[in-house]
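What you see is a predicted model; the values in this text were computed from it and never measured.
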Amino acid sequence: MSSDFEGYEQDFAVLTAEITGKIARVPRLPPDEKKQMVANVEKQLEEAKELLEQMDLEVREIPPQSRGMYSNRMRSYKQEMGKLETDFKRSRIAYSDEVRNELLGDDGNSSENQRAHLLDNTERLERSSRRLEAGYQIAVETEQIGQEMLENLSHDREKIQRARERLRETDANLGKSSRVLTGMLRSVLSSFTCTAEPMFK
């Protein structure tokens with residue numbers, strides 16, 4: 001099952017990377033190309049949502065004790081999806097003719113400044129996203145190591161408990177054997193005493 005989830009993860013990573021690159025290009029395209037690019041991004045966003053749904057279904061099939069790590073990853077992917085949709089909306093309207101005429105009055109210099117500011121923000125968001133992804137991977141690896149340590153400790157505890165049970169059983173068996181031997185010794189001594197008495201009369 002985890003191999004299916006990882007396959008969906010890889011597809012999601014490739015798809016979101018393509019969407020991010022296209023969103024950054026939308027404001028710089030001519031109207032005709034921009035319209036085509038917007039339609040393309042919308043289609044890919046739908047594909048990304050479908051991948052998330054498939055991943056969510058896979059996580060629900062995981063046993064509860066192993067589900068935590070995958071649930072954390074799903075939360076991160078859903079946050080990333082929400083960010084992409086927000087960035088896409090901003091990219092679509094940032095430099096449309098209607099918004100530019102209303103807010104900037106077709107001031108070319110202001111438009112270029114706004115464009116440069118948006119691109120700068122996009123680059124900073126991408127850098128932040130890469131740092132967050134790196135931090136997330138470290139957190140996932142740390143969680144996996146912790147989970148393995150807990151599993152090892154659990155196995156060790158079970159071994160110790162089994163050894164204690166065997167020790168208690170052995171101790172009980174030794175006690176029984178000791179009582180049997182004591183009884184046998186007493187019987188032999190009693191028999192010996194009864195046989196030896198006539199010799200001294």
Side-chain angles (χ1 to χ4, degrees), residues 1-20 44-86 125-201:
M1 195 292 304
S2 60
S3 60
D4 292 336
F5 184 88
E6 290 169 358
Y8 290 135
E9 274 187 315
Q10 293 175 0
D11 293 341
F12 183 79
V14 171
L15 189 57
T16 52
E18 291 180 2
I19 293 172
T20 300
Q44 288 188 315
L45 284 172
E46 288 300 320
E47 293 176 4
K49 289 179 183 178
E50 291 176 2
L51 281 173
L52 280 180
E53 290 176 359
Q54 291 295 329
M55 293 160 69
D56 211 9
L57 291 174
E58 292 291 333
V59 170
R60 293 178 187 177
E61 297 297 324
I62 299 175
Q65 62 270 21
S66 305
R67 194 179 298 165
M69 177 180 68
Y70 293 97
S71 297
N72 290 336
R73 285 153 76 171
M74 283 302 303
R75 281 194 292 273
S76 177
Y77 295 143
K78 287 176 181 178
Q79 290 174 358
E80 182 178 356
M81 189 68 200
K83 176 184 172 299
L84 281 177
E85 290 178 328
T86 300
L125 285 171
E126 290 176 355
R127 288 195 297 269
S128 297
S129 178
R130 286 193 293 268
R131 287 195 295 268
L132 286 172
E133 183 176 356
Y136 172 74
Q137 289 299 328
I138 293 173
V140 168
E141 291 172 3
T142 302
E143 184 178 2
Q144 289 175 336
I145 293 171
Q147 186 174 1
E148 291 174 0
M149 291 178 64
L150 287 174
E151 290 176 356
N152 291 335
L153 288 173
S154 177
H155 292 158
D156 291 342
R157 183 177 63 182
E158 291 175 1
K159 290 179 182 177
I160 292 172
Q161 288 176 343
R162 287 195 295 269
R164 286 178 177 173
E165 289 295 330
R166 287 195 294 269
L167 182 59
R168 281 195 289 267
E169 291 173 2
T170 302
D171 187 52
N173 291 332
L174 287 174
K176 291 178 182 178
S177 299
S178 177
R179 288 193 295 273
V180 170
L181 289 172
T182 300
M184 292 173 65
L185 181 60
R186 287 176 180 172
S187 178
V188 170
L189 289 174
S190 175
S191 175
F192 177 77
T193 302
C194 291
T195 304
E197 281 180 358
M199 297 176 60
F200 297 100
K201 290 183 178 179

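Legend: residues meeting side chain to side chain contact (heavy atoms under 4.5 Å, CB included) with T86, ordered by chain and number and at least two apart, are R90. By the salt bridge (Lys or Arg N to Asp or Glu O under 4.0 Å) test, E169 pairs with no residue at all, sequence neighbours left out. Not counting sequence neighbours, the partners of R168 by the salt bridge (Lys or Arg N to Asp or Glu O under 4.0 Å) test are E165. For R157, there are no salt bridge (Lys or Arg N to Asp or Glu O under 4.0 Å) partners at least two apart in sequence or on another chain. Under the salt bridge (Lys or Arg N to Asp or Glu O under 4.0 Å) criterion, D56 pairs with R60, K78, not counting sequence neighbours.
Atom CG in L181 sits 12.0 Å away from atom CZ in R186 (nearest 0.5 Å). Atom-to-atom distance recorded for L167:CG and I160:CD1 is 13.0 Å, nearest 0.5 angstrom. In this structure, CE on M74 lies 13.0 Å from CE on M69, to the nearest 0.5 angstrom.
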What donor-acceptor contacts under 3.5 angstrom involve side-chain atoms of residues 8-18, with partners at least two apart or in another chain?
from, atom 1, to, atom 2, distance (Å)
E9, OE1, R73, NH2, 2.6
E9, OE2, R73, NE, 2.9
E9, OE2, R73, NH2, 2.9
E9, OE2, Y77, OH, 2.5
T16, OG1, F12, O, 2.8
T16, OG1, A13, O, 3.1
T16, OG1, E80, OE2, 3.4
E18, OE1, Q44, NE2, 2.9

Is there a side-chain contact (heavy atoms from CB on, under 4.5 Å) between E61 and L57 once you walk through the steps?
CA-CA 7 Å; E61 297 297 324; L57 291 174; over 6 Å; no
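Between R67 and I62, the shortest heavy-atom contact is NH2-O, 2.8 Å.
Within the 4.5 Å cutoff, the side chain of M184 has heavy atoms near those of the V180 side chain.
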